Amino acid sequence: MILQLENSLRDALRRHLELHYAAAAGLEIVLETPPRAELGDFASPLCFELARVARRAPRVLAQEIQAALELPPGLDRLEIAGAGYLNFFLDRPALLRRLGFTAALFAQPPGADPLDALAAFPSAPPRPRYKAKVIVEHTNINPNKAAHIGHLRNAVLGDTLVRLLRRRGEQVEVQNYIDNTGVQVADVAAAFAHRGALGGDLPAPGQALESTRNARRGAFAAGELTPWPHFVPRRDSAPPRAACSFDYLCWDVYARISQRYQSDPDARPWRAAALHAIEAGEPPLAPEAHLIADAVVAAHLTTMARINVAYDVLPRESEILHLNFWARAFALLRQAGAIRLEASGKNAGCWVMERPGARIAAAGDASLEDVAAEASKVVVRSDGTVTYIGKDIAYQLWKFGLLGLELPCRRFRPDSAAPAVWMSAVEGEPDAPRFGHAAWVFNVIDSRQSDLQEIVIAGLRALGHEAAARQSRHFSYAMVALTPRCALELGYQLSPEDLARPHLEVSGRKGQGVKADDLLDRLIADSLAEVRQRHAGLGPEEQFALALPIAVGALRYFLLKFTRNTVIAFDFKDALSFEGETGPYVQYAAVRAGNILRKAAAEPGLAAELAAPFDRPAALDAFAADAGLWPLVRLAAGLEAQLEIALESLEPAHMAKYAFALAQNFNNFYHRFAVLGEPDAARRRLLLMLTALVRRQLAAVLALLGIETPRAM
RNA sequence: GGGCGCGUAGCUCAGUUGGACUAGAGCAUCGGCCUUCUAAGCCGAGGGUCGCAGGUUCGAAUCCUGCCGCGCCUACCA
């Protein structure tokens, strides 16, 4: 609502400047929200900027503009403040009408939840910017072990980006790339293959998978676990997650084989042999590796479903290789001269690509050859196998439809409770959608890989795909690390240097890190304990249904409130908090607003009043002029404008901050105004309409963050 | 060595792309508020040389330069 007015005001200002101030050409029209509501609804410091080029005093220019500017409809007046600020005031009663303040609130069949009626209120129409398919690639967890908090940050950021884009009306395809032929899967497959030498009582992978599955099914059938996707223990007799989760089992297997490589040089060839067997499709290791990877993928999808993250398609690396995506890309790269076969130096025998913008530094003791080698990246190893860079260039080309190949797909686990998702396959199903062919691509990958992402984009450029290179975005974010305190809490041994560090990187190889499902389980246990205290009268199922969205809300908000390039130093104390700047705080505000509305709808006299439109213009004007109430209206109506800022800066944290600010303002309102106790009927009606507006916007912004609004808290 | 990022209250972080007398939140600490639409809340207090030094300009936490400190990357791993 506000966004449309803001845009029309910006257009009016631009036209006015073009017409009257030749010097203003190319000047950006900056509109911001004034620090205090009495200063107006939009402010522009453009006269200061204009003063510089027009060589006249800002205040004089402001007065000229004030006298001559024709305000677009919906705006009431323009005031000058300070040294030359332009402060614009909305036609506030008109905005209230557009926001539905005079419409009937609850005209609906009896028995329905009155809050459902809020969906009928006007909201801004979608305004897509890209006007073409957008691919967002996220999650991308190596399918060899359970997901940890670092993976959660990726998935939550990616999923929220998708939600923001879709809300703006963009056509988005969500891809989750599965590296099922890489070193990490090979390591776990090798561990199973050498389980005799590894010691312990590890069964064959198929058997291990079957036994964890049976353990889970048995516990579920016995009523000890909640249904998919959470599988949370209902009783103390329920098996721990580690006993019935194949990805947990693999977590330990991976840690064991990694340690074995460290301590036993004789074990190291296992890895290369496994990689070779997987690539050649040799049984039994290759089919076992596929079994392991697909089972772990299924576990990851379940984990992500717990926090409302879903995908459209899962392209697997095995198809990138076997369907000759790489072979095609390799031919294209050679043809274009983008890669060359190195004849000498440390990369002799490799196909390499120049690092973009690489400069030969004046190196101290490094030889010239080494310095040159550092400026180039290996795309094909001397043994003829392709590196990540090569595969990713092929994948990126396919995303843009530039490879000339289609990716056949089959339904992944169509018989499971999970939502439908497609997975690449050598032979696809005929009714599979046509994936790829996007105009914009966002790769959600942590900032440690920004170097590689730049090289991939340089690869597109080297092939002459300038537009695709420009429209490839590395949506980067900093890693999740552990505070030393948290690492100690988890029982890890730390060196004195580690203890002094601000944060510690998690190491999957050492089996270190906080597993995603463990964290969620703790959050659910904590929120369930709260719910039991507050809603002792509810049955266990209902209590659980309330506790779930609160736990998920806490987790998603925690991961979203940090801006992307802030390293999250993970600490249980902060992550498990439900107070202050948290998801549950925002949910609580929404629930409180809903409670007022439900109570209003339950009072027969009031409900009848609310079912009719509101016709008291004088009361509406007085309400619009109330300086104590307007800031909340202004803030609540600004959702779309905030969405634009969040998308412009690709910063989901901006949306999280907005959600918190709105909740905070509403909580303040909640304490200052007794809505249902308001004696003046007309004013009570308007306070209720404001409550309805805020409830609607809070639920909407929470949904954008992938957080549900619980029915009660 | 080079590249990228960071340095703001005791702690964890925001800061609308250079703007508005007083740099904002949350946590922690201290003090108040439940007979009222749920206290997962509200109100208040203390706490800051925005790493340091220069520069650019009407105006700098924000831009430029140089230092200091920290993190990540700089593999024929991804």
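Just so you know, these numbers come straight off a predicted model, no measurement behind them. Note on naming: letters A, B, ... go to the chains in the order of the sequence lines (proteins, then strands), and numbering restarts at 1 for each one.
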No-H, no-angle donor-acceptor pair, [X] side chain to [N] base, under 3.5 Å:
| X | N | answer |
| --- | --- | --- |
| A/R36 | B/rA20 | no |
| A/N87 | B/rA20 | yes |
| A/S382 | B/rC76 | yes |

Quick one: on RNA chain B, does A/L39 or A/I550 contact a more 5' nucleotide (nearest heavy atom)?
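Checking each residue's closest nucleotide, the 5'-ward one belongs to A/L39.
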| said: Can you work out whether A/K573 or A/I645 has the more 5'-proximal nearest nucleotide on RNA chain B? | reply: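 By nearest-heavy-atom nucleotide position, the 5'-most residue is A/I645.
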Check whether any side-chain nitrogen or oxygen of [X] sits under 4.0 Å from OP1 or OP2 of [N], and answer yes or no.
| X | N | value |
| --- | --- | --- |
| A/R59 | B/rC58 | no |
| A/N667 | B/rG41 | no |
| A/R501 | B/rG71 | yes |
| A/T582 | B/rC27 | no |
| A/R598 | B/rC37 | no |
| A/K599 | B/rC37 | yes |

If the [atom1] atom of [N] is compared with that of [M], how far apart are they to the nearest Å?
| N | M | atom1 | value |
| --- | --- | --- | --- |
| B/rC72 | B/rC76 | C1' | 22 Å |
| B/rU8 | B/rG51 | C1' | 10 Å |
| B/rC50 | B/rC43 | C1' | 28 Å |
| B/rC42 | B/rG5 | P | 37 Å |
| B/rG24 | B/rG15 | P | 15 Å |
| B/rG41 | B/rG26 | P | 10 Å |
| B/rC6 | B/rU57 | P | 26 Å |
| B/rA9 | B/rA28 | C1' | 12 Å |

Steps toward salt bridge (Lys or Arg N to Asp or Glu O under 4.0 Å) verdict (A/K573, A/D571) | CA-CA 5 Å; A/K573 180 180 150 294; A/D571 202 312; over 6 Å; no
Item to complete: State, without any angle test, whether A/H535 and A/Q543 hold a side-chain donor-acceptor pair at a distance under 3.5 Å.
Response: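 No donor-acceptor contact under 3.5 Å links the two side chains.
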Begin with the C-alpha distance, continue with both residues' side-chain angles, and end with the deciding distance and a verdict on side-chain hydrogen bond (donor to acceptor under 3.5 Å, both in side chains) for A/K145 and A/Q184. CA-CA 9 Å; A/K145 59 179 181 304; A/Q184 296 211 11; 2.9 Å; yes
Integer-rounded Å distance: [N] [atom2] and [X] [atom1]:
| X | N | atom1 | atom2 | answer |
| --- | --- | --- | --- | --- |
| A/F660 | B/rG24 | CZ | C1' | 11 Å |
| A/I455 | B/rC73 | CD1 | P | 14 Å |
| A/F48 | B/rG59 | CZ | C1' | 9 Å |
| A/I457 | B/rG3 | CD1 | C1' | 16 Å |
| A/Q453 | B/rC72 | CD | C1' | 16 Å |
| A/K391 | B/rA78 | NZ | P | 5 Å |
| A/F578 | B/rU38 | CZ | C1' | 17 Å |
| A/I568 | B/rC72 | CD1 | C1' | 15 Å |

For [N], which nucleotide is its Watson-Crick or G-U wobble mate, given both distances must be under 3.5 Å?
| N | result |
| --- | --- |
| B/rU56 | none |
| B/rG7 | B/rC68 |
| B/rU29 | B/rA45 |

Exercise. Evaluate the side-chain proximity of A/V379 to A/I455: yes if any heavy-atom separation is below 4.5 Å, no if none is.
Key: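 A/I455 vs A/V379: side chains apart.
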Nucleotide nearest [X] (side chain, heavy atoms from C-beta), chosen from [options]:
| X | options | result |
| --- | --- | --- |
| A/N347 | B/rC73, B/rC27, B/rC76 | B/rC76 |
| A/A712 | B/rU38, B/rC76, B/rC37 | B/rU38 |
| A/H671 | B/rG41, B/rC43, B/rC76 | B/rG41 |
| A/C350 | B/rC70, B/rA40, B/rC76 | B/rC76 |
| A/F562 | B/rG71, B/rC42, B/rC13 | B/rC13 |
| A/N668 | B/rC43, B/rA40, B/rU74 | B/rC43 |
| A/N565 | B/rA20, B/rC72, B/rC6 | B/rC6 |
| A/K346 | B/rC76, B/rC37, B/rG5 | B/rC76 |
| A/Y588 | B/rA39, B/rC58, B/rA78 | B/rA39 |
| A/Q664 | B/rC42, B/rC73, B/rC37 | B/rC42 |

Syn/anti label of B/rC34 as read from its glycosidic torsion, with the cut at 90° from 0: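 In terms of base orientation relative to the sugar, B/rC34 is syn.
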What contact category does [X] fall into here, base, sugar-phosphate, or nothing, at under 4.0 angstrom with non-hydrogen atoms?
| X | result |
| --- | --- |
| A/V380 | nothing |
| A/A43 | base |
| A/A348 | base |
| A/L597 | nothing |
| A/D179 | sugar-phosphate |

What are the two closest non-hydrogen atoms of A/A81 and A/N87, and how far apart are they?
->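 Minimum heavy-atom separation between A/A81 and A/N87: CB-ND2, 3.4 Å.
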>> What I want to find out is whether A/E497 reaches A/R501 closely enough, with some N-O distance under 4.0 Å, to be called a salt bridge.
In response: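 No, this pair does not count.
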Check: A/R56 side chain, A/A51 main-chain N or O, donor-acceptor pair, under 3.5 Å: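 Side chain of A/R56 to backbone of A/A51, a donor-acceptor pair under 3.5 Å: no, none is there.
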Practice prompt. Specify whether A/F666 and A/F669 have parallel, tilted or perpendicular ring planes, treating 30° as the upper limit for parallel and 60° as the lower limit for perpendicular.
Written response: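 If you compare the ring of A/F666 with that of A/F669, the planes turn out tilted.
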**Message:** Just verifying a value: how many Å separate A/R522 CZ and A/F572 CZ, rounded to the nearest 0.5 Å?
**Reply:**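 If we round to the nearest 0.5 Å, A/R522:CZ and A/F572:CZ are 4.5 Å apart.
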